[in-house]
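Only one structure is covered here, and it is reproduced in the block below.
By convention in this document, chain letters (A, B, ...) are assigned in the order of the sequence lines, proteins followed by strands, and residues within each chain are numbered from 1.
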Amino acid sequence: MEGANSGGDGDGDSDGGDRPWQSYHTVYTTAKAGMEGVDKEKVQRVVYEMSKGSKYFQNEERKEAFINQKIQNLRIQCAKLTQADLVHYRKVADRRIVELEASRDLSRIWLHVDMDAFYAAVETLSNPTLQGKPMAVGSMSMISTANYEARKFGVRAAMPGFIARKLCPELIFVPTDFKKYTYYSDLTRKVFRIYDPNFVAGSLDEAYLDITEVCKERNVNSEEIAQELRAGVYEETGLTCSAGVAPNRLLAKVCSDINKPNGQYVLPNDRMAVMTFVSSLPIRKIGGIGKVTEHILKGVFEINTCEQMLEKSSYLYAVLSQPTAEFFCSVGLGLGQKDSPQVRFRKSISNERTFSATEDEVLLHKKLVELAEMLSADMQKEGLCGRTLTLKLKTASFEVRTRAVTLQKYISSSEDILKHAKKLLKAELPISVRLIGLRVSQFNGDKCSATPDPTQKTITNFITSGDVNRNCSSFPDVADLDFVSDAETNLSIANGQTSQLDWRDPFVGNYLSDGDHQSCIVQKNDGVEEVQTPSNDATSSHYSGFTEGSTSFQGQFEGINVMNESKLREGARLNSRCQETTMLWLNDYKCSLCGIELPPSFVEERLEHSDFHLAEKLQKEESRIHQPYVPSRSRNQKDGITRQSKSKKQKLSKKEGKYTPIDSFFVKK
DNA sequence: GCGGATCAC
DNA sequence: TATGGTGATCCGC
């Protein structure tokens, strides 16, 4: 609202001035519930002092600079628009706004419930001595939730504990205990179900209810329903919650935040009321508009409130992608999203762990084994098989990288996962990382059936074709072509059986969401749902038992046998060459084939050198298969080493990361 | 399909 | 000492 950072924001103000902390934008300093009367200047200063100079901080600065460049670019684009352009885009925007307006639906009454400081409140319930004392759920490195006493000090969710303790030395830390939260969450849902058996759970502590019918049947207004529901939740759990009522979910969510904690706000189903409400609403309150989007909208278009989205709509349509512009306009009109289907399918499953940064390959390999085991277990629990595996790395400097392979067969066993994960990781070595993650996506339509859980209710809508098992790991391996990972994706995918329900709601997404799209809840037709909760409690058991069995990474590293495969097609060759360029250099220094030493910075020389070996290999090959090969310097490699002959600025080794051009993001072509 | 990024909780 | 984990989506290749 009156946010400390809203003053001269986005002008590159006061950098290096007497108040450097003002330019350090964090997620947790934005004014939210319970932050009234907080000395924001002091909080901001402490956060800055604690962070300054750290690797994390430096990365934040890098990202910030990147965003500022985007803003600059967009500003230039706007400035370049001619009068004629503006007239045109004014028309485009106006037409769309009329259409959007016509789609306005005021027939439903939505209620959003949000538990107050949920985790903290539950912990206080189970340990009443915490009552009235500043307390946070989480650890020294990260806080999940802080109670309202702690919030008075500026302590907030997503803030690292050691900073929170600086802000509030008496702060009590309580470790997270998801079993407890799930238990109480279930209790609240018992109450929700009374008012809407098909309610949509957003997470453990919030839900959307369509209360249209209850209001009608019982002939009571929404305010009374909200009161009653909150009282019911309190009676059932001893916990307080807040509620918001509005014609759509997007607005209901905004409303539940207004009188938090232990309050409610009703926005009537009336067009004027909605427009008035939205006119002064800061854009950051909208679900889907986060720190970066807010920054851009302010910096480029000087948009601070939702109403201003309509005022600037011609510029939005001129410079942003159409769906993005459209979302902002619909927000300006106070519209929600179209109804989402009752049943939603999980699209990926993943796990990741942070540890103290290391470049010890044996250690990294061990982490990978553990992750693969855990992921496989989770997948089997859910009966999932997928064909895309993604490795995520966070370097010691907090840069995040992902590397993916899409396979021809569906996998779920830890052996399969590990096999491919190792290849992906190997290509990145040497590297110092602080986090490794694995994700599997592109599921086979149905459960993999390895060990079906009889107690698990199946979703009837699923297509259960006889093909289901064909691709699963229970079948014998097909020829292992996997190392030419990218080439595989070029092969036509065998009769893609997409039983994944591929619905696409134009109003769901990054900028197109009212917040429930990230729901991990599968809501059944009968109203029963299953919740995927982060099972932190389970990790310890996973870790034990995998402490040994780490095979040396080094041992498998010498192979350049990628090139020995004889019947690779042209595409496969280029890709294997791409792999080779990354695998060729032992310890990123020494050629594994001839022993010549070339430091990573000699990018051109190294490429030349690998070309040499490649040509050598191919010549041998060509004597067998008759296929000409022209070493091409113009082809870009997928591994990020862009080949530009003259530039030594491309020295950036992969370790240091590559930076994509600014102009791409957010800009319409 | 891949990779970088944003967002929410 | 020290800045999380899971899942989803979008954009531009």
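- Using a 4.0 Å cut-off, some side-chain N or O of A:T402 falls inside it from OP1 or OP2 of B:dG4.
- Mapping A:I349 and A:K394 onto DNA chain C by nearest heavy atom places A:K394 closer to the 5' end of the strand.
- Atom CZ of A:F398 is separated from atom P of C:dG5 by 11 Å (rounded to the nearest Å).
- One finds a side-chain N or O of A:R346 lying less than 4.0 angstrom from the OP1 or OP2 phosphate oxygen of C:dG7.
- In this structure, of C:dA2, C:dT6, B:dA8, it is C:dA2 that holds the atom nearest to the side chain of A:R165.
- Closest to the A:R403 side chain, of the nucleotides B:dT6, B:dG4, B:dA8, is B:dG4.
- What separates CG of A:L320 from P of C:dC11 is a distance of 10 Å, to the nearest Å.
- At most 12 non-hydrogen atoms from other residues, nucleotides or ligands lie less than 6.0 angstrom from OH of A:Y183.
- In this structure, A:K55 reaches neither bases nor backbone, as no heavy-atom distance under 4.0 Å exists between it and the strands shown.
- Residues that satisfy the ring pair (Phe, Tyr, Trp, His ring centres under 6.0 Å) test with A:F118, not counting sequence neighbours, are absent from this structure.
- Contact annotation: A:K70 side-chain N/O to B:dT6 OP1/OP2 distance is under 4.0 Å.
- For the pair A:K63 and A:D114, both in contact range of DNA chain B, the more 5′-proximal nearest nucleotide belongs to A:K63.
- Considering only side-chain atoms of A:T406, the nucleotide from C:dA8, B:dC2, B:dT6 that sits closest is B:dC2.
- Judged by the 6.0 Å and 45° rule, A:R189 forms no cation-pi pair with A:F192.
- Per the geometry, NE2 belonging to A:H25 stands 18 Å off C1' belonging to B:dC7, to the nearest Å.
- The nearest whole Å value for the distance from the CG atom in A:L435 to the C1' atom in C:dT6 is 12 Å.
- For A:R353 and C:dT6, the shortest distance from a side-chain N or O to OP1 or OP2 is below 4.0 Å.
- Using a 4.0 Å heavy-atom distance criterion, A:T388 is classed as a sugar-phosphate-only contact.
- Straight-line distance from the CG atom of A:L204 to the P atom of C:dG7: 13 Å, rounded to whole Å.
- Put simply, CG on A:D116 is 14 Å from P on B:dC9, counting in whole angstrom units.
- Using the six-membered ring where Trp is involved, A:Y208 and A:H112 have ring planes that are tilted, between 30° and 60° apart.
- Listed nucleotides B:dC2, C:dA2, B:dA5 differ in distance to A:A404; the shortest reach to its side chain belongs to B:dC2.
- Atom-to-atom, NZ of A:K367 to P of C:dG4 comes out at 14 Å; the value is rounded to the nearest Å.
- For A:K347, a side-chain nitrogen or oxygen approaches OP1 or OP2 of C:dT9 to under 4.0 Å.
- Heavy atoms of other residues, nucleotides or ligands lying less than 6.0 angstrom from NZ of A:K55 number 12 at most.
- Between B:dC9, C:dT6, C:dA2, one nucleotide has an atom nearer to the side chain of A:E206 than all others, and that is B:dC9.
- When the side chain to side chain donor-acceptor pair (under 3.5 Å) test is applied to A:S348, no partner is found at least two apart in sequence or on another chain.
- For A:S348 and C:dA8, the shortest distance from a side-chain N or O to OP1 or OP2 is below 4.0 Å.
- Proximity of A:S321 to the phosphate of C:dC11: a side-chain N or O atom is located under 4.0 Å from OP1 or OP2.
- Put simply, CD on A:E294 is 14 Å from P on B:dT6, counting in whole angstrom units.
- With C:dA2, C:dG5, B:dA8 as the candidates, the nucleotide lying closest to the side chain of A:K253 is B:dA8.
- Each of B:dT6, C:dC11, C:dG5 was ranked by its minimum atom distance to the side chain of A:T354; first place goes to C:dG5.
- Taking all atoms of both residues into account, the shortest heavy-atom contact from A:L424 to A:L389 is CD1-O, 3.9 Å.
- Residue A:T324 has a polar side-chain atom (N or O) positioned under 4.0 Å from OP1 or OP2 of C:dC11.
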